[in-house]
Amino acid sequence: MQETGRNEQPGEGAEAEAPWVEEAPLSLADEMRRDWDKRASEDHQFYIASGSAASEAEFRESGARELSDPILDGIELDPSARGLEIGCGVGRLLAPLSEQIAEAYGVDISPLMIEKSAAFLHDFPRARTWVTDGTLQPLADESLDLVFSYIVFQHIPAVEPIETYVREAGRVLAPGGVLRFQVDGRGASPWGQDAGTYDGKKFTTAEARGLLDGTGLSIVDEWGEGTHYYWITAQKPGSGRVRVRPRALDPVAVELVLSGLGVAEPHVRAFRVVHGKIPLREALGELDALCQADSDEEFVKNAYRRLTGGDPSAETLAFQLGILEKGFETRLTLLESVLSGSEFRNFVRPFPSEVPWYVAEGLARFFPRVSGRIQSTEISLAVCRDGEELEDGEFLRSVFVGAAGHGPDAEALTHYSRPLSQHFAGRLLLVRALLSDLARSEPPQDVPEGRKQVLFDCLGIEPESEGLTAGETFAGEARAARMLLSRTNEAGPRDFVEAAYLAILGRPADPEGAAFWASKVGANDINRPRFVRELMRSAEFQAEG
């Protein structure tokens with residue numbers, strides 16, 4: 001109860017004391033507005049980005065960095081797109097966003113934050129902000145391509161305002177539009193306190209997903225279930241100016257992390273995680289043992305080594321040590337940040353890609369489980385499983401010959417041997433590095449129809465008219481190559497070369513050429529898929545027969 005002041009009442013003397021009057025309780029919106037205006041007046045940089053608030057330059061740089069990752073991780077925006085941030089503060093994220101798209105809007109509950117945004121965004125004419133009433137007015141239906149919110153919903157103490165924002169996002173997004181938002185996904189406060197305007201509502205996974213009910217949006221990606229930084233990406237049906245690249249959990253990486261943490265039956269748990277039976281955070285179990293290091297530096301290094309397969313960069317180490325020193329995080333809560341960070345996400349959940357057919361076929365000759373697979377995560381799993389019994393040196397050489405088409409030179413041996421000896425996930429990192437280095441697109445090739453028809457007729461297959469797959473320069477190239485390789489699998493190097501010449505070039509190999517290529521194939525100076533690829537790229541194959 002608050003005293004409103006002294007007022008003379010009718011019929012009472014001037015000396016009469018005014019009664020105590022109970023002030024009406026603030027609405028949640030007014031409470032949020034009051035508290036965030038207060039924080040904005042005290043130190044807006046600290047309350048927006050506590051770990052990057054030491055200077056204006058650092059504050060702005062953190063906006064560009066965090067816009068790129070995590071907010072736009074896997075999201076590709078057309079330059080003509082229009083986007084909106086819910087809870088924009090002074091515009092830390094809007095400034096860099098406005099340089100990428102046509103229009104960048106921001107709303108915030110705090111009038112003082114919006115007042116400060118005018119100066120912060122002065123040099124960014126495509127950014128515009130206004131105070132929200134809890135909705136996304138005055139935006140028209142289906143007028144935006146992207147709506148996002150980061151470290152904002154975690155400060156709202158009730159579910160209803162968040163539901164309103166998510167429902168409003170469904171209204172303003174155009175067909176194909178994307179909503180990406182983050183909530184505190186720990187289900188209940190880890191300290192048992194009530195939700196407030198700073199430590200707000202905690203969501204279970206089911207509750208967070210339920211925010212999208214009735215919005216017309218469908219979940220296309222999730223990350224961090226059960227953690228402080230639980231991300232949901234949802235999309236409206238249709239095509240538009242935004243594309244979401246999917247990520248995929250890597251079974252090998254998940255199993256290696258679980259094994260390194262001493263989790264029982266890591267293979268079984270990894271299988272359950274990858275197939276959506278349990279969240280990754282649940283499978284990891286308690287992480288208290290990681291916090292037992294003597295010093296903060298040992299703790300941070302150990303956490304990254306056990307969770308990401310490598311050491312933190314000098315910049316990351318310094319940042320995390322600063323967070324601990326300033327008391328912004330405890331060791332346990334800092335681990336939550338590591339689990340949501342790019343290093344861990346990129347390790348256990350990389351972007352899958354299609355592997356060129358000649359790389360996949362080359363690996364399949366050493367690692368049979370690769371056969372028929374084209375996705376990078378599937379191929380990595382097959383290679384690591386089939387290569388379990390090989391010594392590191394033999395594994396390296398087999399992967400290199402299979403993927404690159406020839407054996408490693410001294411420089412390559414030194415370069416790729418390093419992760420094998422330094423990281424618990426060295427083999428996986430080796431495979432990924434090679435696949436990434438070799439996963440380039442091939443330009444279309446103008447092959448005469450007669451040439452292709454001779455090839456298809458020789459192998460007894462029908463021509464294809466669909467688009468190119470990974471590694472192809474003309475439709476049907478990969479299928480023809482696989483057919484040829486399958487038919488010559490048991491042939492010796494010389495017979496294989498002769499058969500390839502006949503099928504691809506329509507003529508016998510000259511003796512000198514056959515001997516030269518047979519010697520290189522026999523010595524693994526070029527593997528069979530690469531030799532087939534070379535003939536299909538030759539000037540003779542591209543010329544009219």
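Only heavy atoms go into these numbers, but all of them, side chains included; no hydrogens, no water, no symmetry mates. The model shown is predicted, which means the values in this text are computed figures rather than measured ones.
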[X] (side chain) donor-acceptor with [Y] (main chain) under 3.5 angstrom:
X	Y	result
R272	I278	no
T414	A410	yes
W517	V497	no
K236	G170	yes
R427	L396	no
R243	I75	no
S313	T316	yes
D145	R82	yes
R126	S98	yes
R245	P352	no

So that I can tick it off, tell me whether [Y] and [X] are bridged by a salt bridge, with the cut-off set at under 4.0 angstrom between side-chain N and carboxylate O.
X	Y	answer
E354	R373	no
R305	D311	yes
R171	E168	yes

Taking atom [atom1] of [X] as the centre, report whether more than 12 heavy atoms of other residues, nucleotides or ligands fall under 6.0 Å from it.
X	atom1	answer
E388	CD	yes
F271	CZ	no
E76	CD	yes
D213	CG	yes

Taking atom [atom1] of [X] and atom [atom2] of [Y], what is their separation to the nearest 0.5 Å?
X	Y	atom1	atom2	value
S68	L97	OG	CG	12.0 Å
K452	D457	NZ	CG	13.0 Å
L363	N527	CG	CG	8.5 Å
R241	D78	CZ	CG	7.0 Å
R494	F496	CZ	CZ	13.5 Å
R432	C384	CZ	SG	9.0 Å

Say whether [X] and [Y], considering side chains only, have a donor N or O and an acceptor N or O under 3.5 Å apart.
X	Y	answer
T377	S380	no
R92	S62	yes
R281	T227	no
T469	E472	yes
Q320	Y304	yes
H267	E255	yes
Q542	S538	no

**Prompt:** Stepwise, does the side chain to side chain contact (heavy atoms under 4.5 Å, CB included) test hold for F203 with I232?
**Reply:** CA-CA 12 Å; F203 287 82; I232 291 180; over 6 Å; no

Going by heavy atoms in the side chains, are [X] and [Y] under 4.5 Å from each other?
X	Y	answer
D73	R180	yes
L144	V147	yes
V355	I374	no
L455	R451	no
T233	F148	no
R306	V257	no
P70	W231	yes
E142	V172	no

**Message:** Evaluate Y150 against E85 for side-chain hydrogen bond (donor to acceptor under 3.5 Å, both in side chains), listing each step before the verdict.
**Reply:** CA-CA 8 Å; Y150 174 46; E85 179 185 6; over 6 Å; no

**Asked** Yes or no on side chain to side chain contact (heavy atoms under 4.5 Å, CB included) for Y165 and S149, after CA distance, side-chain angles and deciding distance?
**Response** CA-CA 10 Å; Y165 281 129; S149 182; over 6 Å; no

**Asked** Is the NZ or CZ atom of R247 both under 6.0 Å from the centre of the six-membered ring of F351 and within 45° of that ring's axis?
**Response** yes

Work out which heavy atom in [X] is nearest to a heavy atom in [Y]; give both atom names and the distance.
X	Y	value
V183	A208	CG2-CB, 4.1 Å
A234	L212	CB-CD2, 3.8 Å
H406	F400	O-CD2, 3.1 Å
P237	G216	CD-O, 3.3 Å
A140	S143	O-OG, 2.7 Å
M536	F541	O-CD2, 3.2 Å

**Message:** Test salt bridge (Lys or Arg N to Asp or Glu O under 4.0 Å) on R65 and E61; report intermediate values, then the result.
**Reply:** CA-CA 6 Å; R65 183 179 64 249; E61 191 279 330; 2.3 Å; yes

**Message:** Apply side chain to side chain contact (heavy atoms under 4.5 Å, CB included) to residues R369 and E378 and explain how you reach the verdict.
**Reply:** CA-CA 9 Å; R369 295 186 208 194; E378 294 179 335; over 6 Å; no

**Residue list, side-chain contact (heavy atoms from CB on, under 4.5 Å) with S342, at least two apart or on another chain** =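 Partners of S342 by the side-chain contact (heavy atoms from CB on, under 4.5 Å) criterion, ordered by chain and then number, come out as D69, R345, N346.
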
**Prompt:** Strictly under 6.0 Å, is that where the ring centroids of Y229 and W223 end up?
**Reply:** no

**Message:** Show, in sequence, the C-alpha distance, side-chain angles and deciding distance for R479 and E462, and conclude whether the salt bridge (Lys or Arg N to Asp or Glu O under 4.0 Å) test is met.
**Reply:** CA-CA 10 Å; R479 190 157 65 100; E462 294 295 322; over 6 Å; no

**Message:** Using the rule side-chain contact (heavy atoms from CB on, under 4.5 Å), only one of L258, L280, L256, L339 pairs with V348; which is it?
**Reply:**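 The residue from L258, L280, L256, L339 that satisfies side-chain contact (heavy atoms from CB on, under 4.5 Å) with V348 turns out to be L280.
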
**Request:** Can you label the angle between the F424 ring and the F347 ring as parallel, tilted or perpendicular, going by 30° and 60°?
**Result:**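 It falls in the perpendicular class, over 60°.
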
**Prompt:** Between F153 and F181, how do the two ring planes meet: parallel, tilted or perpendicular, split at 30° and 60°?
**Reply:** tilted

**Request:** Apply salt bridge (Lys or Arg N to Asp or Glu O under 4.0 Å) to E540 and R507, showing your working.
**Result:** CA-CA 11 Å; E540 183 177 348; R507 66 170 177 85; 2.7 Å; yes

